[in-house]
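See structure below.
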Amino acid sequence: LYIKTAERAHAPKRMWQKIRLKKQYSAALEQIDEYLAYWPKFLVHKNKQRLTKVTQYLVRMRKLRHKIRPKLITMPARQEKNLRKREAKAEVAAQLERSIEKELLERLKSGTYGDI
């Protein structure tokens, strides 16, 4: 919690008073109430909301750290593009090969080559 004090306005370096909040959430809320007792209620509420948001974020991060997730691996875009092109060319070549094989089998069955 940082509090700006008017008495320190002549020394900008020390104008903000730094207060370490307790680790326990409810104790930290009480500390905010204590230190901001004479501040406008809106600012007190805003600070409590900020504390709640940070606390929830830390809880979420702690949960995610313990969860086992698959490792994501990035592939360069150019490499991916070349791989797709190569696969397409291989597919065309395989299709051509199959059609030639089919044609030769038909010729063999029809007796174009005679006795082989």
request  = Check whether Val44 and Tyr25 end up in the same hydrophobic cluster, where Ile, Leu, Val, Met, Phe, Trp and Tyr are linked by side-chain heavy atoms less than 4.5 Å apart.
outcome  = yes

Same cluster (ILVMFWY, side-chain, under 4.5 Å), Trp39 and Leu29 = yes

ask   = Say you draw a straight line from CD of Gln56 to CE of Met61; how long is it, rounded to the nearest 0.5 Å?
value = 12.5 Å

request  = Compare every heavy atom of Arg14 with every heavy atom of Arg8, then report the nearest pair and how far apart it is.
outcome  = CD-O, 2.7 Å

ask   = At their closest point, which heavy atom of Asn47 faces which heavy atom of Ile32, and how far apart are they?
value = O-CD1, 4.2 Å

ask   = Nearest 0.5 Å, what's the OG1-CZ distance between Thr52 and Arg50?
value = 11.0 Å

message = Could you report the tightest heavy-atom contact between Gln31 and Leu21, atom names first, then the distance?
response = OE1-CA, 3.1 Å

note = OG1 (Thr55) and CD (Gln24) are apart, to the nearest 0.5 Å, by 11.5 Å

Contact check, side chains of Val92 and Leu96, non-hydrogen atoms, under 4.5 Å = no

inquiry  = With rounding to the nearest 0.5 angstrom, report the CD1 to NZ distance, Ile3 to Lys18.
reply    = 13.5 Å

Reported OH-to-CD distance for the pair Tyr35 and Glu30, which is rounded to 0.5 angstrom = 12.5 Å

inquiry  = Quick one, Trp16 and Thr5 - any side-chain contact, counting heavy atoms below 4.5 Å?
reply    = no

request  = Calculate, to the nearest 0.5 Å, the distance between atoms CG and NZ belonging to Leu43 and Lys48 respectively.
outcome  = 12.5 Å

task = Taking atom CD of Glu34 as the centre, report whether more than 12 heavy atoms of other residues, nucleotides or ligands fall under 6.0 Å from it.
result = yes

inquiry  = Before you tell me yes or no, could you show the steps for Ile19 and Tyr2 under side chain to side chain contact (heavy atoms under 4.5 Å, CB included), namely the whole-Å CA-CA distance, both residues' side-chain angles and the distance that decides it to 0.1 Å?
reply    = CA-CA 6 Å; Ile19 299 163; Tyr2 279 97; over 6 Å; no

Nearest heavy-atom neighbours spanning Ala28 and Lys22 = CB-O, 3.6 Å

request  = Look at atom CD of Glu97 and say whether more than 12 heavy atoms of other residues, nucleotides or ligands are closer to it than 6.0 Å.
outcome  = no

Quiz: residues 102-111 side-chain donor-acceptor pairs under 3.5 angstrom, not counting sequence neighbours:
unit_1 : atom_1 : unit_2 : atom_2 : d
Ser110 : OG     : Glu106 : O      : 3.3
Ser110 : OG     : Arg107 : O      : 3.0
Ser110 : OG     : Thr112 : OG1    : 3.1

Identify all side-chain donor-acceptor contacts of residues 62-73 below 3.5 Å with residues at least two apart in sequence or on another chain.
unit_1 : atom_1 : unit_2 : atom_2 : d
Arg69  : NH1    : Leu64  : O      : 2.6

